[in-house]
2 protein chains.
Amino acid sequence: MKKNIRIKDIAKKAGVSVGTVDRVLHNRGEVSVVTKEKILSIVKEFDYRPNILARALTLKKVYTFAVLIPYADNNNPYWAYPLKGILHAEQNLKDYNIKIEKFFFNQNSKKEFRIQFENLIKLNPQGVLLAPVFSDEVQEFTSKLQGNDIPFVFINSDKTNSKRLCFIGQDGFQSGLVAGRLASINLNKNDTILVVNITGDYKSKEHFVNRNNGFSHYFKEKPYKIIQIELKDNFTHVFDSVIAANPSVRSIYVTSSKVYKVAEYLKENSLKHIQLIGYDLIEANVKYLNHEYIDFLISQNSVKQGSKGINYLFKAVVKNETIEKQDLMPIDIITKENVKYYGA
Amino acid sequence: MKKNIRIKDIAKKAGVSVGTVDRVLHNRGEVSVVTKEKILSIVKEFDYRPNILARALTLKKVYTFAVLIPYADNNNPYWAYPLKGILHAEQNLKDYNIKIEKFFFNQNSKKEFRIQFENLIKLNPQGVLLAPVFSDEVQEFTSKLQGNDIPFVFINSDKTNSKRLCFIGQDGFQSGLVAGRLASINLNKNDTILVVNITGDYKSKEHFVNRNNGFSHYFKEKPYKIIQIELKDNFTHVFDSVIAANPSVRSIYVTSSKVYKVAEYLKENSLKHIQLIGYDLIEANVKYLNHEYIDFLISQNSVKQGSKGINYLFKAVVKNETIEKQDLMPIDIITKENVKYYGA
DNA sequence: TATAATTTCGTGTGCGAACACGGCAATAAA
DNA sequence: TTTATTGCCGTGTTCGCACACGAAATTATA
């Protein structure tokens, strides 16, 4: 393990001054082709990597990253968690002069999304982390970013067509498979499984479609009856009739973090014999998990998604490292017994 | 979010030079009580934290950490994983002049452990990460470390009596509960569950005792029969008779990472109707998980344990931060469907 | 009072990288 | 030949911190 080579060392080897080496490294011209070539070859040979500590120290320049995600509220607590991770990463990178500007929008409002991304663009950040909720708007937005040479990272869901730096999230299909495995526990032949999609006005459904597909795929050639229903936020009435019409329902799979709403329903109607599986460790879900109305939660590590997003921007923009185009988070299986280790 | 205060700022506020501030901060004396008090109060008021970038840059001093863990081999692949994490963390901290010296010993040889820790002591590292396998020897070792003011971190298992900086590992009891939950899936009343302890010559059993206790606790007041057996590495013969004597065994819980040996047995004897649960994502286990001879693996994040261990030493020794006395890793539940996300 | 010993404090240098600035040579324009 | 203009390159400073060195102020001793 030998020491890292420094600019000074390169200069000595090339028989020039550090200033010259620096000019080559930063493409600031004013260097003859001959010496440039020579320096570059040395750089390559000894695998020069700038000492980022020294760089961060000397650069008064503050890197600004921007985040564009939905805001969280009572009816939509999910996005509080990625935000937590983002703040955590910000804290971690404080020494490196990284500032993170946050822009929030209503998950159901394309208009707000558009307003916020206009604001964001004005800021001219060095990198962007965003949740690509509305396909068309995202397309438009990312084109602009590309035009300004601003790299961007997707979080939570993906739009493969765009030239993102990276996507951080979960493989929805695969998590559907896991859900299938969990939903079929303790079931008897001919029992019924209910799949519940609570999407509200949510427009970007790809995520949920993948989960459904994975789930269905798991049950090919398995002897269970599966019913799928689509619900709005306020669904008690609809649910009553579905349950009444299907008394053999023994297992429910909710494809989103709103599983706590179904849990609430099960509790109020004393339906503890029905297994319940859903997504994400938000507070309400954890409560029902502990009270055994929810049997399994699938976590997509939303907090970590946030911190990873920022860290990838840091690596790519500040450290100039190449990063993987995709980081699929583990599909954590959470029960009452192990939930306490996934909290913070 | 205002700028961090610097030594220079403190100096100005106190009406002294940076040298004086520095002397106070590092307790190098040669400062009058009055000015010392004044400086300390300013430090406190403005929550001064040294810029670790600048510090790492200026300190030619190389921090040396030492690691003392069992080595991995074919019959004992486990420790390859924490080592992986350790190497990863080392890579990450390269810029900070951290060197990590590794010392390995045979898991069953107190003699080797002793030899290696003598070697380690000679190195006089700034911090130590160790697996406290042999109680008495560890006691002796850690006393010496304390005598030399060398902080140390435990990994994988704990010895609460010693003055460790921190313990990183899993709550064995709690993981036993999780195993209980998983082992009782799809069971009928009066089915039998077999608990298998494969400990070899392994002397430090606390870890496994905790897992057993947690498992037993889960089954209090549950209508299943539970049998516990203790096996050496070569157990085929014994196992034959146990299975023969208990045809109602429908679920097996192996309390260690050697569950692949039981899986092998199940495969050779075509006992696919028996559920199998064990620990750790070592290669052999993953293979049988994919072939559905193992139903669930409980992962204790051994790789991450390694990297965390080093990072805690870094935080405590280099950054001078206080750290939690204990970091309990999540109890990851792994199935065929989600295993691929826990690999690296 | 003069000198030595000690306490108390300030200054200067270096870590590695970034960049402004200025210098020297070769060539072009006067 | 003199004066600009350009191409090419070296020097010096800065970032925040650590530490060596030495200077001043204070106290002790002759």
Side-chain angles (χ1 to χ4, degrees), chain A residues 2-40 42-43 46-63 93-98 126 317-320, chain B residues 2-40 42-43 46-63 94-98 126 317-321:
Chain A
K2 59 189 167 192
K3 260 182 170 174
N4 276 340
I5 193 172
R6 302 160 300 173
I7 285 189
K8 197 191 291 182
D9 303 321
I10 299 175
K12 190 180 284 176
K13 281 183 201 297
V16 297
S17 76
V18 292
T20 307
V21 177
D22 183 71
R23 250 160 280 155
V24 173
L25 290 176
H26 294 87
N27 266 325
R28 284 202 256 106
E30 309 197 350
V31 178
S32 73
V33 185
V34 188
T35 54
K36 182 173 179 177
E37 294 286 313
K38 188 193 284 180
I39 289 172
L40 283 180
I42 295 175
V43 165
F46 293 91
D47 189 30
Y48 169 75
R49 288 151 187 266
N51 183 325
I52 58 160
L53 304 186
R55 170 184 285 169
L57 188 63
T58 192
L59 277 177
K60 290 281 3 122
K61 176 177 179 183
V62 176
Y63 287 93
L93 296 177
K94 222 181 53 184
D95 288 328
Y96 291 91
N97 295 327
I98 312 282
Q126 275 81 51
V317 176
V318 180
K319 302 183 80 170
N320 242 335
Chain B
K2 56 188 170 195
K3 260 182 171 173
N4 275 339
I5 192 172
R6 302 159 300 173
I7 284 188
K8 197 192 291 182
D9 304 321
I10 298 176
K12 191 181 285 176
K13 282 182 200 296
V16 296
S17 77
V18 293
T20 305
V21 177
D22 183 72
R23 252 163 273 150
V24 172
L25 290 176
H26 294 86
N27 265 323
R28 286 204 250 101
E30 306 194 350
V31 178
S32 71
V33 184
V34 188
T35 54
K36 181 173 179 178
E37 294 287 313
K38 185 192 285 178
I39 290 171
L40 283 180
I42 296 175
V43 164
F46 294 90
D47 190 29
Y48 168 75
R49 287 150 190 269
N51 182 323
I52 59 160
L53 305 185
R55 172 183 283 170
L57 189 62
T58 191
L59 281 176
K60 289 293 338 136
K61 177 177 179 183
V62 175
Y63 287 92
K94 223 180 55 182
D95 287 329
Y96 292 91
N97 295 325
I98 312 283
Q126 275 80 49
V317 176
V318 180
K319 302 182 80 170
N320 242 334
E321 293 179 4

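Since we're looking at a predicted model, the values are computed, not measured. Order of the sequence lines sets the chain letters (A, B, ...), proteins ahead of strands, with each chain counted from 1.
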Grab the CG-P distance between B/N27 and D/dA18 for me, whole Å please. 13 Å

Rounding to a whole Å, what distance do you find between A/Y96:OH and D/dG16:P? 16 Å

Does B/Y48 have a side-chain nitrogen or oxygen under 4.0 Å from the phosphate oxygens OP1 or OP2 of D/dC17? yes

Minimum heavy-atom separation for B/V31 and B/K36, please, with both atom names. CG1-N, 3.9 Å

Rounded to the Å, how far apart are B/D22 CG and C/dC9 P? 14 Å

Measure the distance from CG on B/N51 to C1' on C/dC15 and round it to the nearest whole Å. 13 Å

side-chain N/O A/S17 vs D/dG10 OP1/OP2, d < 4.0 Å: yes

Provide, to the nearest angstrom, the distance between the CG atom belonging to A/D9 and the P atom belonging to C/dC15. 11 Å

Between B/A11 and B/V18, the two heavy atoms sitting closest are CB-N, 3.8 Å

Output yes when at least one side-chain N/O atom of A/T20 is less than 4.0 Å from OP1 or OP2 of D/dC8, else no. no

Which one, D/dC17, C/dA17, D/dG16, comes nearest to the side chain of B/L57? D/dG16

Ranking A/R6 and A/V18 by the position along DNA chain C of their nearest nucleotide, the one closer to 5' is A/R6

I'd like a list of close polar pairs between nucleotides 22-27 of chain D and the protein, N/O only, cut-off under 3.5 Å.
none

Distance in angstrom units between B/K8 NZ and C/dG12 C1', rounded: 14 Å

Of all heavy-atom pairs between B/Q126 and B/V317, which one has the smallest distance, and what is that distance? O-CG2, 3.7 Å

What is the distance, to the nearest angstrom, from the NE2 atom on A/H26 to the C1' atom on D/dC9? 17 Å

State which residue, out of A/V24, A/L25, A/I7, A/V34, fulfils the side-chain contact (heavy atoms from CB on, under 4.5 Å) condition with A/I39. A/V24

Should A/K12 and A/D9 count as an ion pair when the cut-off is N to O under 4.0 Å? no

Could you state the atom-to-atom distance from CD1 of B/I7 to P of D/dA18 in whole Å? 5 Å

Reported CG-to-OG1 distance for the pair A/N51 and A/T58, which is rounded to 0.5 angstrom: 11.5 Å

Single hit among B/K8, B/R55, B/R28 for salt bridge (charged side-chain N to carboxylate O under 4.0 Å, His left out) with B/D22: B/R28

Below 4.0 angstrom from OP1 or OP2 of D/dC9, is there any side-chain N or O of A/T35? yes

